[in-house]
Amino acid sequence: MMSERYRATYERSIVDAESFWLDAAKAIDWIAPPRTAWSDRSGWFAGATLNSCYNAVDRHVAAGRGGQTALIYDSPVTGTIRHYSYVELLDQVSATAGMLERLGVGKGDRVVLYMPMIPETAFAMLACARLGAIHSVVFGGFAPPELAKRIDDARPRLLLTASCGIEGSRQIAYKPLVDQALALAAHAVEHVVVMQRPMLAAELTAPRDLDWSKLLADSEPVSCVPVAAEDPLYILYTSGTTGTPKGVVRDNGGHAVALTWSMRHIYGIRPGDVFWAASDVGWVVGHSYIVYGPLIAGATTILFEGKPVGTPDAGTYWRTIARHGVEIFFTAPTAMRAIRKEDPDARHLKAIGTGNLRAVFLAGERADPDTLAWAEAVTGLPVIDHWWQTELGWPAAATCFGLGDTRRRRGSAGFPVPGYVFDILSDEGTPVPAGDTGHVVLKTPLPPGCYRSLWNNPAGYAKSFATFDGYYETGDAGHVDGDGFVNIMGRTDDIINVAGHRLSTGQMEQIVASQPEIAECAVIGVDDALKGMVPVAFAVTKAGIEADGALPDAIVARVRAELGAVAALREVHVVRALPKTRSGKILRAVLRSLANGKDVATPPTIEDADVLTEYRRLFRLG
Ligand code: COA
Ligand code: AMP
């Protein structure tokens with residue numbers, strides 16, 4: 001049933017956005033409080049000043065809740081569980097800020113983090129915020145060339161890393177990857193600060209490389225620097241449609257207000273509650289809901305170093321939930337599918353229970369109704385699909401659990417979240433009838449917390465607002481059904497979601513095409529029972545070059561070396577030709593359909609109908 005609270009809140013957020021967001025802003029401790037919410041010229045809360053780290057850490061200590069647990073580090077891969085109270089978090093963060101300040105980091109400087117899921121990563125993010133510096137976390141699954149691109153774009157003063165990450169039972173040495181990235185990058189960082197983990201020591205080369213723990217031991221705590229609401233808090237690179245990642249810039253003020261509002265009204269979390277987002281700090285979910293959201297809201301957050309399965313088994317999520325009294329759990333559908341695959345009867349869950357858990361939220365990719373039904377059946381709890389993206393920073397469609405809404409429909413990501421106005425438009429920009437699929441767009445101005453620029457890329461930013469006048473183009477396709485449920489069905493561009501990770505097939509095509517034997521190629525996303533989608537490449541060799549059996553492996557290795565293991569490209573087909581229209585456009589939809597095992601009629605625009613015969617044979621169709 002629609003809750004009256006949701007209805008009234010949504011309506012007010014739209015008809016009286018100014019007072020709605022100024023009221024929401026009261027949940028933040030400002031240095032100079034905002035007098036206006038939105039301004040066309042300066043964005044959200046122009047003229048106000050604050051510090052995001054103060055709001056996430058210091059203010060809870062000042063309010064007398066310093067003894068409450070702020071962060072729990074639970075690492076099944078190292079057999080470690082550590083609790084940090086808000087006082088301990090303050091000590092760690094202010095000392096880390098002191099270390100960064102001594103190395104010359106100040107307001108507006110960039111700091112790149114290439115870090116595993118250890119508490120020091122969160123400390124360092126908050127320490128940057130404390131100094132008004134701009135962090136840019138690069139996910140550990142990206143290869144050196146990708147890290148190099150981000151270094152060259154962000155031009156950081158420092159790079160922070162650790163000696164290794166742990167992937168299941170494997171150690172991944174990060175420092176050699178950082179060294180390679182810095183060798184590739186045109187920009188030189190002043191220092192690389194390395195957290196030496198006990199299981200692997202990294203080699204440090206003076207004077208550039210420094211030991212994190214030694215520096216920290218000598219550092220003096222520093223206090224928070226005031227920043228303007230619209231000053232950047234972080235840059236987070238995400239896949240665009242080209243090989244160049246987009247540097248999404250998040251402001252301080254709008255972000256703090258939106259996240260606090262979302263913790264309470266979407267997730268139903270109050271100070272002192274325990275919240276766990278099982279993601280990685282390298283993604284937006286990690287930024288918003290492992291670090292900033294729960295801490296600004298005064299909750300307890302969990303930083304989990306492990307995987308849904310294999311660390312050590314498919315019960316690890318339920319064990320973590322029960323052990324720490326997690327009330328709201330956020331994960332990706334892929335993780336649920338991985339758990340279900342290993343433990344279809346949920347034996348672990350039955351043995352462990354769900355403790356204090358009240359609801360599970362899913363996002364990052366479409367939640368297939370079957371997985372959702374399974375998760376609801378085994379947990380006996382509401383499992384809530386909700387939708388957002390790096391650009392937005394917080395959910396745009398959800399069932400607002402914290403506002404008492406209970407309406408859910410499997411396959412749908414819920415309803416517009418207060419602050420967001422959805423429309424579904426045709427290619428021509430006109431609204432489509434209810435139930436018809438079209439471009440999912442959001443009315444501008446977007447609410448607080450959403451991106452206001454792309455780093456060094458104003459044209460890229462403007463592009464997302466140029467196609468449909470008065471709207472932000474999300475890049476997703478979907479429909480709104482007769483009851484108002486928003487359904488997100490997939491992308492309208494060449495971005496794919498692999499195990500909840502956002503990747504560009506266009507970028508993979510550039511890498512495949514750089515293989516010397518290859519003349520042209522296409523990479524598409526094919527449905528996968530575990531990862532949602534996986535990339536599959538089709539490559540045509542240059543005239544006169546005979547492909548041998550080693551070519552697909554060489555291409556897989558190239559994508560892994562240039563983009564990273566996270567690309568998960570494992571299937572490469574060397575083909576005679578790509579299916580194309582007479583005007584030379586690759587028939588990607590046809591390719592996707594055939595690769596998914598669904599035959600289609602040969603399109604009349606095809607240049608050479610015989611080409612499809614080969615693909616039908618390849619996928620055993622017809
Ligand atoms: N550092 C280094 N390498 C990493 C990495 C990191 N932080 N994260 C992933 N990788 C590597 C993996 O080790 C793997 O390498 P491999 O090809 O050598 O095995 C590769 O990248 C692909 O990783 P992943 O997509 O995680 O697949 P997987 O087969 O290891 O695990 C799942 C499958 C479903 C268990 C896993 O994808 C998962 O937990 N997904 C949930 C993701 C999630 O929660 N996303 C949140 C976004 S909201
Ligand atoms: P990211 O920016 O990495 O968070 O990826 C955002 C993209 O993931 C969105 O544009 C969607 O394509 C997809 N996505 C995220 N959440 C959902 C969801 N709940 N349902 C469908 N697609 C989703």
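As the structure lists them, so they are numbered: ligands from 1, and atoms in each ligand from 1.
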Exercise. Can you check whether Val360 reaches Met336 side chain to side chain, under 4.5 Å on heavy atoms?
Worked result: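 Val360 reaches Met336 side chain to side chain.
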
In ligand 1, which numbered atoms sit nearer than 4.0 Å to a non-hydrogen atom of [X]?
{"X": "His501", "value": "25 (O), 26 (O), 42 (C)"}
{"X": "Arg570", "value": "16 (P), 17 (O), 19 (O)"}
{"X": "Val285", "value": "48 (S)"}
{"X": "Arg560", "value": "16 (P), 17 (O), 18 (O)"}
{"X": "Thr334", "value": "34 (C), 40 (N)"}
{"X": "Gly141", "value": "1 (N), 2 (C), 3 (N), 4 (C), 5 (C), 6 (C), 7 (N)"}
{"X": "Ala278", "value": "44 (O)"}
{"X": "Val566", "value": "21 (O)"}

For this session: For atom 5 (C) of ligand 1, find the nearest protein heavy atom and state the residue, atom name and distance (0.1 Å precision).
Result: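 In this structure, atom 5 (C) of ligand 1 has Glu167 OE2, 3.3 Å as its nearest protein heavy atom.
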
Problem set entry | atom 46 (C) of ligand 1: nearest protein contact (heavy atom, Å) |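 Nearest protein contact, heavy atoms only, for atom 46 (C) of ligand 1 is Ser279 OG, 3.5 Å.
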
Tell me the nearest of [options] to [atom], using heavy-atom distances.
{"atom": "atom 11 (C) of ligand 1", "options": "Ala565, Pro116, Pro333", "answer": "Ala565"}
{"atom": "atom 27 (O) of ligand 1", "options": "Glu305, Lys307, Glu365, Lys531", "answer": "Lys531"}
{"atom": "atom 42 (C) of ligand 1", "options": "Gly500, Ala335, Ala499, Gly168", "answer": "Ala499"}

Below 30° counts as parallel, above 60° as perpendicular, anything between as tilted: where do the rings of [X] and [Y] land?
{"X": "Trp388", "Y": "Phe330", "result": "perpendicular"}
{"X": "Tyr451", "Y": "Tyr461", "result": "perpendicular"}
{"X": "Trp276", "Y": "Tyr317", "result": "perpendicular"}
{"X": "His287", "Y": "His135", "result": "tilted"}
{"X": "Tyr234", "Y": "Tyr292", "result": "parallel"}
{"X": "Trp394", "Y": "Trp261", "result": "perpendicular"}

Any non-hydrogen atom of [X] lying under 4.0 Å from ligand 1?
{"X": "Arg337", "result": "no"}
{"X": "Lys341", "result": "no"}
{"X": "Pro308", "result": "yes"}
{"X": "Met117", "result": "no"}
{"X": "Thr331", "result": "no"}
{"X": "Arg170", "result": "yes"}

For this session: Show your reasoning for whether salt bridge (charged side-chain N to carboxylate O under 4.0 Å, His left out) applies to Lys307 and Glu342.
Result: CA-CA 13 Å; Lys307 298 246 174 188; Glu342 292 228 341; over 6 Å; no

Problem set entry | Residues Asp368, Arg337: salt bridge by 4.0 Å N-O rule |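 Result for this pair is yes, salt bridge flagged.
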
Exercise. Would Arg409 and Asp481 pass as an ion pair if we require N to O under 4.0 Å?
Worked result: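 Looking at Asp481 together with Arg409, the answer is yes, because their closest N to O distance falls below 4.0 Å.
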
For this session: Check Tyr174 against ligand 1 and report side chain, backbone, both or neither, counting heavy atoms closer than 4.0 Å.
Result: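 Just the side chain.
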
Problem set entry | Ile384 to Ala359 - nearest heavy-atom pair and separation |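 In this case the closest contact between Ile384 and Ala359 is CD1-CB, 4.4 Å.
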
Problem set entry | Passing candidate, ring-ring contact (aromatic ring centres under 6.0 Å, His included) with Trp387, options Phe361, Tyr420, Phe415, Phe422 |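 Only match with Trp387 under ring-ring contact (aromatic ring centres under 6.0 Å, His included): Phe422.
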
Problem set entry | Charged tip of Arg150 within 45° of Phe142 ring normal and under 6.0 Å |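 Yes.
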
For this session: Would you mind telling me which of Arg452, Lys463, Lys246 makes a salt bridge (Lys or Arg N to Asp or Glu O under 4.0 Å) with Glu391?
Result: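 Single salt bridge (Lys or Arg N to Asp or Glu O under 4.0 Å) partner of Glu391 among Arg452, Lys463, Lys246: Lys246.
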
Exercise. What does the list of residues with a heavy atom under 4.0 Å from ligand 2 look like, ordered by chain and number?
Worked result: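 Contacting ligand 2 under 4.0 Å are Val284, Gly364, Glu365, Arg366, Asp385, His386, Trp387, Trp388, Gln389, Thr390, Asp476, Ile488, Arg491, Asn497, Arg502.
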
Which atom pairs, one a donor and one an acceptor, fall under 3.5 Å between side chains of residues 564-571 and the rest of the protein, sequence neighbours left out?
| residue | atom | partner | partner atom | Å |
| --- | --- | --- | --- | --- |
| Glu571 | OE2 | His573 | NE2 | 2.8 |

